[in-house]
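Structure record follows, encoded as structure tokens.
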Amino acid sequence: MSVAKKIVPVIALACSLASSAFAGEDAIVTDLMTRPMPDAPGKELLMINVVYPPGAVDPVHRHDAHAMVYVVEGSIIMGVKGGKEVTLNPGDTFYEGPNDLHTVGRNASNTKPARFVVFLVKRQNAPVLTIATE
């Protein structure tokens, strides 16, 4: 798989997050690792690093993947449809399933950035994020 094919989904995520960030600031999304899953044909593992600038807010979206979040610094607020909104601090984790609608995703601070790592199990070459139209 070419490097361009691996980076395109991450660029799409970065653009989606950037378009909704508070005060026009971009979320910085970095592809850390992508690996095919030979034991699960058609699936891949993707790990990304996300930095929310102060006040950043995600649009309502889906990942169509299993996504596990690990907060490295700052605080973020996450929530899925039907679940409780939670504030996550360094060392905290969050899980989002392939059928979940990610209704809340934002930096808890308007003055400090937040950084988290996301580990996804998804279909190969599928977009990382799809903006919800519901």
Side-chain angles (χ1 to χ4, degrees):
M1 176 184 291
S2 74
V3 172
K5 284 185 179 178
K6 287 195 242 181
I7 294 174
V8 168
V10 174
I11 292 170
L13 173 64
C15 291
S16 294
L17 293 174
S19 69
S20 65
F22 180 80
E25 293 186 57
D26 296 350
I28 301 164
V29 180
T30 306
D31 185 4
L32 299 175
M33 180 185 300
T34 304
R35 295 286 185 266
M37 296 179 66
D39 294 353
K43 297 284 187 179
E44 69 184 1
L45 304 172
L46 173 64
M47 186 185 306
I48 60 175
N49 183 73
V50 180
V51 176
Y52 279 168
V57 177
D58 284 344
V60 175
H61 63 274
R62 295 182 184 283
H63 290 287
D64 299 320
H66 293 278
M68 294 184 291
V69 173
Y70 178 81
V71 180
V72 178
E73 67 180 86
S75 295
I76 60 174
I77 300 171
M78 294 281 169
V80 296
K81 185 175 183 178
K84 290 184 178 181
E85 194 174 287
V86 295
T87 300
L88 306 169
N89 297 299
D92 290 341
T93 59
F94 183 79
Y95 171 77
E96 184 175 341
N99 297 315
D100 286 333
L101 180 62
H102 192 151
T103 55
V104 179
R106 67 179 184 266
N107 188 333
S109 173
N110 287 321
T111 60
K112 296 179 184 176
R115 184 167 69 93
F116 54 100
V117 174
V118 184
F119 178 81
L120 299 111
V121 177
K122 63 183 207 56
R123 283 183 295 114
Q124 271 186 309
N125 303 315
V128 171
L129 173 138
T130 304
I131 302 298
T133 57
E134 310 179 356

Can you list the steps and then say if Arg123 with Lys43 is a side chain to side chain contact (heavy atoms under 4.5 Å, CB included)? CA-CA 4 Å; Arg123 283 183 295 114; Lys43 297 284 187 179; 4.2 Å; yes
Shortest non-hydrogen contact from Pro90 to Gly74? CD-O, 3.1 Å
So which heavy atom on Leu101 is nearest to which on Ala132, and how close? CD1-CB, 3.5 Å
To the nearest 0.5 Å, what is the distance between NE2 (His61) and NE2 (His102)? 4.5 Å
Of all heavy-atom pairs between Glu44 and Asn125, which one has the smallest distance, and what is that distance? OE2-N, 3.4 Å
Side-chain donor or acceptor of Asn107 paired with backbone N/O of Ala56 under 3.5 Å: no
From OG1 (Thr34) to CD (Gln124), nearest 0.5 Å: 10.0 Å
What are the two closest heavy atoms between Ala114 and Ser75, and how far apart are they? CB-O, 3.8 Å
Would you give the length of the straight line joining atom CG of Asp100 to atom OH of Tyr95, rounded to the nearest 0.5 angstrom? 7.0 Å
Straight-line distance of Thr87 OG1 to Arg106 CZ, nearest 0.5 Å: 7.5 Å
Hey, are the side chains of Leu129 and His63 touching, using non-hydrogen atoms and a 4.5 Å cut-off? yes
Can you check whether Val69 reaches Glu96 side chain to side chain, under 4.5 Å on heavy atoms? no
For Thr130, which residues count as a side-chain contact (heavy atoms from CB on, under 4.5 Å) partner, sequence neighbours excluded? Asp64, Pro127
For residues Tyr70 and Leu32: do they belong to one hydrophobic cluster (side chain heavy atoms under 4.5 Å, members Ile, Leu, Val, Met, Phe, Trp, Tyr)? yes
Between CZ of Arg35 and CG of Leu46, what distance do you get to the nearest 0.5 Å? 11.0 Å
From CZ (Phe116) to CG (Asn49), nearest 0.5 Å: 8.5 Å
Test of understanding: with side-chain contact (heavy atoms from CB on, under 4.5 Å), list the residues that count as partners of Val121, not counting sequence neighbours. Met37, Leu45, His66, Phe119
For Asp31 versus Met33, what's the shortest heavy-atom pair and its separation? OD1-N, 3.3 Å
Is any side-chain heavy atom of Val128 closer than 4.5 Å to a side-chain heavy atom of Lys122? yes
In one Ile/Leu/Val/Met/Phe/Trp/Tyr side-chain cluster, 4.5 Å: Ile77, Val72: no
If two hydrophobic side chains count as joined below 4.5 Å and joins carry through other members, does Val117 share a cluster with Val50? no
Grab the two heavy atoms, one from Ala67 and one from Val118, that are nearest each other, plus how far apart they are. CB-CG1, 4.2 Å
